[in-house]
Amino acid sequence: MRAYEVFARFHRGEPLRHLGSVRSVDGEAALEAAVSIYLRRDAFERVWVVERGGVSEMVTDEEREKRRMAETEYRRPSYFTRRLASSGYRAAKLTLE
Amino acid sequence: MRAYEVFARFHRGEPLRHLGSVRSVDGEAALEAAVSIYLRRDAFERVWVVERGGVSEMVTDEEREKRRMAETEYRRPSYFTRRLASSGYRAAKLTLE
Amino acid sequence: MKREVQDAFHRYLLSLADDELVAGYRATEWTGIAPTLEEDVAFSSIGQDEVGHARAYYALLHELTGTMVDYRARQPDEYLHAQLVELACAPRYHADGNHAAGGDWAFALVRQYLYDLFDAERLQALRGSAWEPLAQQVEKMQREEKYHLHHGQLWFDRLALPDEGLAEDKGESRGRLRRALERAWPDALGLFEPVANEALLVRERLVPATAQDLLQRWLDRLHPLSERYRLPFPAERVDGSWNVTVEPRRGGRQGRHTADWTQLWDDMTSVYRLDPTATW
Amino acid sequence: MSDDDRVEEFKQYVRGGGTIEPTDWMPDEYRQRLLRFVEMHANSEIMGALPERDWILRAPSLKRKLVLTAKIQDEVGHAQLLYRIAEDLGKPREQMFDDLVNGRTKFHNVFHYPTKTWADAGVIGWLVDAAAILSQSALLRTSYGPYARTMKRVCWEEAFHLKQGEDICLTLAGGSELQRSMLQEAINRWWEPLMMFHGPPTPPETDADLAWRIKTKPNDELRQEFLDRYVPQIREMGLTVPDPIVQKDPAAGRWAYSEPDWSKLYAVVSGSGPASAQRLGFRRLSYEEGAWVRNALTGRSLAAA
């Protein structure tokens with residue numbers, strides 16, 4: 001028996017979401033188990049199962065992420081606040097070192 | 001080079017969501033590609049990659065089933081299960097009662 | 001801080017900022033043309049990190065001296081980066097169509113890795129700097145540097161180690177890595193050229209480790225990798241420490257640079273120099 | 001069910017707003033047309049990285065450099081997302097790159113032009129990206145699931161591209177005389193490729209991409225949207241567009257403009273634009289110089305490449 005991670009979605013076009021995991025002998029059995037445990041027979045549009053052993057994972061630390069976002073705010077539309085002044089154009093004096 | 005499906009979540013507690021796929025030589029390279037392609041602009045908490053060849057899928061063909069089955073009185077959803085081919089999406093159809 | 005100490009420390013911080021600036025410029029030259037799409041995106045992030053670090057260091061210079069350093073207004077020989085980071089290795093686009101070929105991705109990886117290893121040792125040492133703003137700044141940057149080293153390590157694994165079960169013994173890529181390393185040694189060792197008055201900065205504990213200390217630590221970290229990958233190594237063990245077996249090429253810390261730098265400086269400042277007083 | 005019925009049912013399903021997923025059955029014509037459309041889009045993203053790339057080294061400040069580098073990095077990221085979709089439709093990435101660098105497949109007209117000044121980075125970032133966003137947001141409702149989902153991500157990222165380009169133009173427009181004239185000259189030079197951007201006004205009923213709902217808006221409607229939104233903004237900056245008859249006819253609610261020379265568009269897109277040879281030559285050079293890396297990754301020795 002091996003652990004399988006279960007992903008599913010209920011309507012076409014949605015991204016698949018992780019629902020949890022099941023223990024089964026193979027992929028077929030894992031699909032059946034996933035449906036019976038997590039999904040009523042006709043509720044879902046698509047189910048994926050994959051052996052947990054086949055998953056590679058990366059977990060980040062919150063500190064690094066907060067810093068990374070602060071460091072790269074130049075990538076966000078909100079970083080550019082200069083507006084086209086309605087009454088003709090006046091450039092805000094913005095020193096860009 | 002193999003296709004890897006990418007799942008991630010942005011905060012602890014959320015379910016991981018499928019974001020798309022990358023093409024890499026191994027799991028570690030796929031993680032790096034997944035982070036740079038899909039997550040370079042967001043603070044994320046966790047990312048999984050899994051080889052597409054390891055995924056078993058069950059699909060209901062619900063929407064088109066509904067249309068085709070509308071003419072017949074007996075409504076029987078058909079399921080297709082298959083292993084996703086590692087490079088493209090060549091799927092063998094197996095109808096499950 | 002005494003005038004003489006501040007001047008020496010100002011030059012030291014400038015060498016940090018310029019190292020990161022020029023390393024970032026050379027790395028981002030590969031944006032749009034790297035060997036694979038996935039690597040193009042990853043390597044561009046590394047280049048952007050370095051330029052981001054340069055901005056942080058220039059801001060520290062402002063804090064130290066009270067005057068805003070506009071890096072663009074300096075002449076080529078006022079830059080104090082090591083020559084390793086200025087060397088060109090990307091193909092060059094020419095509007096008339098005869099582009100400069102000879103892009104060398106092996107050198108781009110090797111240079112970035114050797115520089116990141118140096119920067120990791122430098123940052124670790126500066127954690128102990130007596131000037132608190134610098135100590136705090138470097139602590140933040142170490143997280144990014146860890147990722148840069150990991151990225152480089154992944155590439156060495158892929159290009160230098162044979163895949164199990166594959167006939168290809170990576171001969172082609174190993175040969176290119178070897179040539180890139182041999183080309184890089186003189187300038188890589190040039191990273192460890194001390195700035196003027198280093199001894200004063202060490203005595204004042206503004207800079208906790210000498211360039212020679214960093215060289216030994218850098219070689220300590222590089223040696224096991226050259227063993228693992230069976231690739232060249234620029235030093236030999238004599239009485240418990242490393243003796244370099246390659247003549248370092250110095251000058252960068254005194255503002256002496258190569259033609260590659262004059263070209264990059266000209267590109268980098270060309271629009272700004274159209275009107276240095278304008279807001280760009 | 002005969003094949004024709006199945007194709008007809010597929011067409012009804014698609015026209016009715018249905019979504020097609022990679023593992024679904026598709027008529028060959030749909031798969032081929034979709035693949036060609038996505039491949040051209042992917043080609044345009046990776047070729048689109050080159051014009052602004054001339055300015056990564058010359059951006060006039062560290063902030064402008066970081067912003068422009070991140071923008072071009074996004075375009076390469078978009079190319080990867082789109083080539084992934086095309087690969088899953090059945091064409092290997094190496095073959096798509098090979099076809100592109102050897103001129104067998106096309107990329108968008110605007111990337112066949114040279115860049116001359118820093119103002120080009122502003123005009124491409126703002127006006128060219130604005131034109132691209134209009135056609136890309138029409139793709140949000142494309143019938144192919146992975147393409148629609150990818151367009152959602154691409155359009156979200158493009159919002160930053162537009163803002164940074166606009167910011168460059170606003171700075172130049174409000175700057176010195178040298179900066180203002182640099183911007184006007186760039187707008188004048190880019191106006192023709194911009195007017196050709198959305199393609200000739202093909203009647204919707206003959207546009208097959210519309211029939212399969214790969215595309216969701218006819219070409220001329222997109223061009224009208226572009227003029228309606230951006231000509232006023234250009235004029236508000238105190239700048240002009242070089243086509244004297246560009247004016248909105250309030251009664252008809254449509255913009256008048258000098259009809260582009262569509263034969264020139266075909267010439268440009270088939271490789272004889274002002275910088276086509278230079279752009280393709282550089283893409284081929286960098287692609288071939290990186291072959292050893294790809295071979296090391298896939299374990300093929302160079303001989304077999």
Side-chain angles (χ1 to χ4, degrees), chain A residues 2 4-20 22 24 26-35 38-77, chain B residues 2 4-12 14-20 24 26-35 38-66 75-84 94 96-97:
Chain A
R2 286 187 296 263
Y4 286 79
E5 299 297 344
V6 179
F7 306 86
R9 68 179 183 199
F10 299 97
H11 305 294
R12 298 182 80 97
E14 268 175 27
L16 287 132
R17 282 190 171 63
H18 182 238
L19 299 183
V22 294
S24 295
D26 60 27
E28 293 293 317
L31 281 171
E32 279 308 317
V35 168
Y38 293 102
L39 304 153
R40 285 197 327 286
R41 177 97 5 220
D42 55 5
F44 64 91
E45 185 265 344
R46 190 176 300 263
V47 182
W48 281 4
V49 293
V50 67
E51 237 192 276
R52 177 171 294 162
V55 176
S56 304
E57 173 182 71
M58 179 196 287
V59 184
T60 63
D61 71 69
E62 211 152 329
E63 214 32 54
R64 175 191 179 212
E65 286 304 288
K66 222 185 276 138
R67 223 189 85 68
R68 187 163 71 91
M69 289 307 112
E71 281 304 303
T72 57
E73 30 107 37
Y74 57 83
R75 285 199 160 110
R76 264 167 272 298
Chain B
R2 287 184 293 272
Y4 288 78
E5 300 294 347
V6 177
F7 305 86
R9 71 178 180 198
F10 302 98
H11 307 292
R12 295 183 66 82
E14 272 174 16
L16 283 108
R17 278 185 309 115
H18 182 243
L19 297 181
S24 295
D26 54 37
E28 212 172 341
L31 276 175
E32 196 193 44
V35 169
Y38 290 99
L39 297 164
R40 66 179 177 282
R41 304 166 63 110
D42 316 286
F44 67 98
E45 186 264 342
R46 185 177 308 256
V47 53
W48 285 2
V49 292
V50 71
E51 227 195 284
R52 175 178 289 160
V55 172
S56 298
E57 174 185 66
M58 181 185 285
V59 186
T60 63
D61 208 346
E62 204 191 344
E63 284 173 34
R64 289 160 75 201
E65 276 297 303
K66 252 189 236 124
R75 203 173 152 287
R76 184 176 59 80
S78 69
Y79 299 91
F80 310 99
T81 63
R82 69 200 114 210
R83 288 184 69 85
L84 300 181
L94 167 68
L96 256 185
E97 289 322 311

What option among [options] has the most heavy-atom pairs under 4.5 Å with chain B?
options: A:R64, A:R76, A:R68, A:E14; result: A:R68
options: A:H18, A:K66, A:E57; result: A:E57
options: A:L19, A:D61, A:V49, A:V59; result: A:V49

Check whether B:D26 gets within reach of chain A through its side chain, its backbone, both or neither, counting any heavy atom under 4.5 Å. neither
When the 4.5 angstrom heavy-atom criterion is applied to B:R12 and chain A, the contacting part is neither
Do the side chains of A:E65 and B:E45 get nearer than 4.5 Å, heavy atoms only?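 A side-chain contact is absent here, since even the closest heavy-atom pair is not under 4.5 Å.
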Can you measure from CG (B:L16) to CG (A:L16) and round to the nearest 0.5 angstrom? 12.0 Å
Euclidean distance, A:E32 CD relative to B:S56 OG, rounded to 0.5 Å: 12.0 Å
Could you tell me which non-hydrogen atom of A:T60 sits nearest to which non-hydrogen atom of B:F44, and how far apart they are? OG1-O, 2.7 Å
So which atom in B:R17 and which in A:R17 form the shortest heavy-atom distance, rounded to 0.1 Å?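 Smallest heavy-atom distance, with atoms named: CD-NH2, 3.5 Å.
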So, the side chain of B:R41 versus the backbone of A:R75: is there a donor-acceptor pair under 3.5 Å, distance only?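 At least one qualifying donor-acceptor pair exists.
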Among the options B:A34, B:A30, B:G20, B:A43, pick out the one with the most heavy-atom pairs lying under 4.5 Å from chain A. B:A43
Which of the residues B:V50, B:V47, B:D42 is involved in the greatest number of heavy-atom pairs with chain A at under 4.5 angstrom?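 Among B:V50, B:V47, B:D42, the one with the most close pairs to chain A is B:V47.
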Can you tell me which portion of A:E5 sits under 4.5 Å from chain B's heavy atoms? Options are side chain, backbone, both or neither. side chain
Which region of A:M69, side chain (C-beta onward) or backbone (N, CA, C, O), has a non-hydrogen atom less than 4.5 Å from a non-hydrogen atom of chain B, or is it both or neither?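 A:M69 touches chain B through side-chain heavy atoms alone.
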